[in-house]
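Here is the structure we will look at, set down as structure tokens.
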Amino acid sequence: EELTADVVVIGAGGAGMAAAVTASQNGKNVIVIEKTANMGGNTALAGGALNAVDDGSETALARNDSVDFHYQQTMEGGDNQGDPELVRTLVENAWDGVTWLKDLGMQFQDGVFTVTGGMWERAHKPVEPEGSGFFKTYKEYMEGHDGITMKYNTKAESLIVEDGVVTGVECTGQTGNKVTVKANNGVVLATGGFGQNVEMRQKYNEETKLWPTLDETIPSTNTSAITGDGIVMAEAIGAELVQMGNIQLLPLGDPETGSLSGNIEHAVESRIFVNKEGSRFVNEGGRRDEMTLALFEQPDTTMYIIMDSDTYPTGDEVNNFNETINSLVAAGRAYKADTLEELAAQINVPAENLVKSVEEYNRHCLGGDLEGQADEFGRTLFTDTDKKNNGINDGPFYAAERVPTVHHTMGGVKINTDTQVIGTDGSVIPGLFAAGEVTGGIHGANRLGGNALTDTVVFGRIAGESASAFTR
Ligand code: ADP
């Protein structure tokens, strides 16, 4: 089978679909190659936090936030390893990305929140659960517009290069048949990261030794399709790979599967983490790498998230993954008790320690004698602007067990601010554009929570524009 479109997109996750819709808006017809039977990728599994600052708005001013502060935190949060120009592009186009999504019909909840590892109250949350709102929006666009063809169950195998220009992709179809897809304009690589490729993550972790191990005993939040295919394909035609050893883990994995489902937290301010001794061990408002490394030091590499009924007033409310807290409790995946002592008994931690941990935390929350002051772990995020968290003191109380899990790979294909892929010789590889987790060098050593969805929208749109504009 041989197919041709103006723009060919590989990968139907967040970045790929943003690119496809943008190319369509530019009047191009598009073929999207997707290895699985669905659009969504890891983006669909995301907690749904999208960082974007509407500079000068009431919301931003009330939180002392600005595009410049988002830039600064993104750079510093990644140990200043991110490419300054790519980070500038990310933060400066983030709000425009939200506006674009809203214009397409996507709905967001009012206000902003602090996502774990986001470091600040600037994450917008879609009304639809997880990342599903993005794909509902992109599908609705496709229903109203011809010109985007989805090729599901089709795995991209290698990029086609003619006279030094990327002109298409060789794929394997569902029955093992060969599918050749050619582009009149550009090819967009949007195949995501390599969190489910144990071999790759061990190999590249050797370079940085950020983690004690990333072998098969460490689970991942990713879908099984996220195996670094695009990175391997791009490398094979001479693309430069950057910062491949920068791999992000979260301390929030389900103990059985490593997935984020069953995570009961809503926002950073209103919850603490305790170990099996019932003691806090880290700044829960800090960086994802620091939190997860600290968790590796705890007994059985296990922790509990603790919070109160402020987050779940009736028990019928859902977490960020559309699961009601009561259903999680019924399934034995979360714990609920009227007192902290009973909660401690359920999760088998010393009650005295749990109570002490909570009391100490409460002193820093609204109304406490140390309100707003940094605690012994350096935590400063205690009270969110709208909800005004007054601590963990209203039963019923909730707990959920969590373990380290591989979440995001910050390294990948090198791009410039037009999403052109850069070769090992430093020159642009004509015809090839990349966006999303397949790329490297934006998030540095540690990605801020909430910046990945922003990445998919901002760079996905740029890739759609650039690939549309490319001619041989
Ligand atoms: P991003 O957040 O960067 O958009 P996602 O993980 O959301 O990344 O999406 C990546 C998508 O690419 C997934 O839907 C995945 O199934 C798809 N994909 C990965 N490898 C291939 C491949 N070889 N061929 C086609 N699609 C692929």
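Computed from heavy atoms alone, side chains included, the values below leave out hydrogens, waters and symmetry copies. Note that the numbering runs from 1 along the sequence shown for the chain. Atoms within a ligand are numbered from 1 in the order they appear, just like the ligands themselves.
Residues T424 and E240 have side chains in contact (heavy-atom distance under 4.5 Å, counting atoms from C-beta outward). Under the 4.5 Å side-chain criterion, counting only non-hydrogen atoms from C-beta, W211 is in contact with L293. Q196 places none of its side-chain heavy atoms less than 4.5 Å from the side chain of T223.
The protein atom (non-hydrogen) at minimum distance from atom 4 (O) of ligand 1 is A15 N, 2.8 Å. Protein heavy atom in closest approach to atom 20 (N) of ligand 1: D229 OD2, 3.4 Å. Among all non-hydrogen protein atoms, the one lying nearest atom 6 (O) of ligand 1 is N42 N, 2.9 Å. Considering only non-hydrogen protein atoms, atom 17 (C) of ligand 1 sits nearest to E34 OE1, 3.3 Å. For atom 9 (O) of ligand 1, the closest non-hydrogen atom of the protein is G13 CA, 3.2 Å. Of the protein's heavy atoms, T191 O, 3.4 Å lies nearest to atom 19 (C) of ligand 1. Ranking the protein heavy atoms by distance from atom 24 (N) of ligand 1 puts A156 N, 2.9 Å first. In terms of protein heavy-atom proximity, atom 8 (O) of ligand 1 is closest to G192 CA, 3.5 Å.
Taking distance alone, with nitrogen or oxygen atoms compared against 3.5 Å, G14 approaches ligand 1 more closely than that limit. Between N38 and ligand 1, no N or O atom pair is found at a separation short of 3.5 Å. The distance criterion of under 3.5 Å between nitrogen or oxygen atoms is not met by T456 with respect to ligand 1. In terms of N/O distances under 3.5 Å, ligand 1 is not approached by G16.
The line from CZ of R333 to CG of D254 is 4.5 Å long, rounded to the nearest 0.5 Å. In this structure, D83 CG and I442 CD1 are separated by 8.5 Å, a value rounded to the nearest 0.5 Å.
A salt bridge is defined here as a Lys NZ or Arg NE, NH1 or NH2 lying under 4.0 Å from an Asp or Glu carboxylate O, and K151 with E1 meets this definition. A salt bridge between R447 and D455 is absent, with no side-chain N of the basic residue lying under 4.0 Å from a carboxylate O of the acidic one. Between D386 and R63 there is a salt bridge, with a side-chain nitrogen of the basic residue lying less than 4.0 Å from a carboxylate oxygen of the acidic one.
Proximity to E437 (heavy-atom distance under 4.0 Å) selects the following atoms of ligand 1: 3 (O). For ligand 1, the atoms lying closer than 4.0 Å to a non-hydrogen atom of A190 are 10 (C), 11 (C), 12 (O). Close approach of ligand 1 to T36 is summarised as follows: ligand atoms under 4.0 Å from at least one heavy atom of the residue are 16 (O). Distances below 4.0 Å separate heavy atoms of T43 from the following atoms of ligand 1: 1 (P), 2 (O), 4 (O), 5 (P), 7 (O). Those atoms of ligand 1 that come under 4.0 Å of a heavy atom in K155, given as number and element, are 23 (N), 24 (N). Listed by number with element, the atoms of ligand 1 under 4.0 angstrom from any heavy atom of A225 are 16 (O), 19 (C). Set against the non-hydrogen atoms of I33, the atoms of ligand 1 under 4.0 Å away are 25 (C), 26 (N). Of all atoms in ligand 1, numbered sequentially from 1 with element shown, those under 4.0 Å from a heavy atom of I226 are 6 (O).
Test L252, T116, L328, N320 against N263 for side-chain contact (heavy atoms from CB on, under 4.5 Å) and you get one pass: L252. None of L241, T409, N246, L214 except one satisfies the side-chain contact (heavy atoms from CB on, under 4.5 Å) rule with Y204; the exception is L241.
With K35, K151, M39 as candidates, the residue nearest to atom 26 (N) of ligand 1 on a non-hydrogen basis is K35.
Classified by interplanar angle (parallel below 30°, tilted 30° to 60°, perpendicular above 60°), the ring pair H266/Y312 is perpendicular.
A donor and an acceptor atom, one from each side chain of S66 and D68, are nowhere located under 3.5 Å apart. No donor-acceptor contact under 3.5 angstrom links the side chains of N42 and H408, judged on distance only.
Taking the ring axis of Y71 as reference, the NZ or CZ atom of R88 stays within 45° of it and closer than 6.0 Å to the ring centre.
Residue-ligand proximity: G40 is placed with a non-hydrogen atom under 4.0 Å from ligand 1. The shortest separation from a heavy atom of T223 to ligand 1 is not under 4.0 Å, leaving the residue out of contact.
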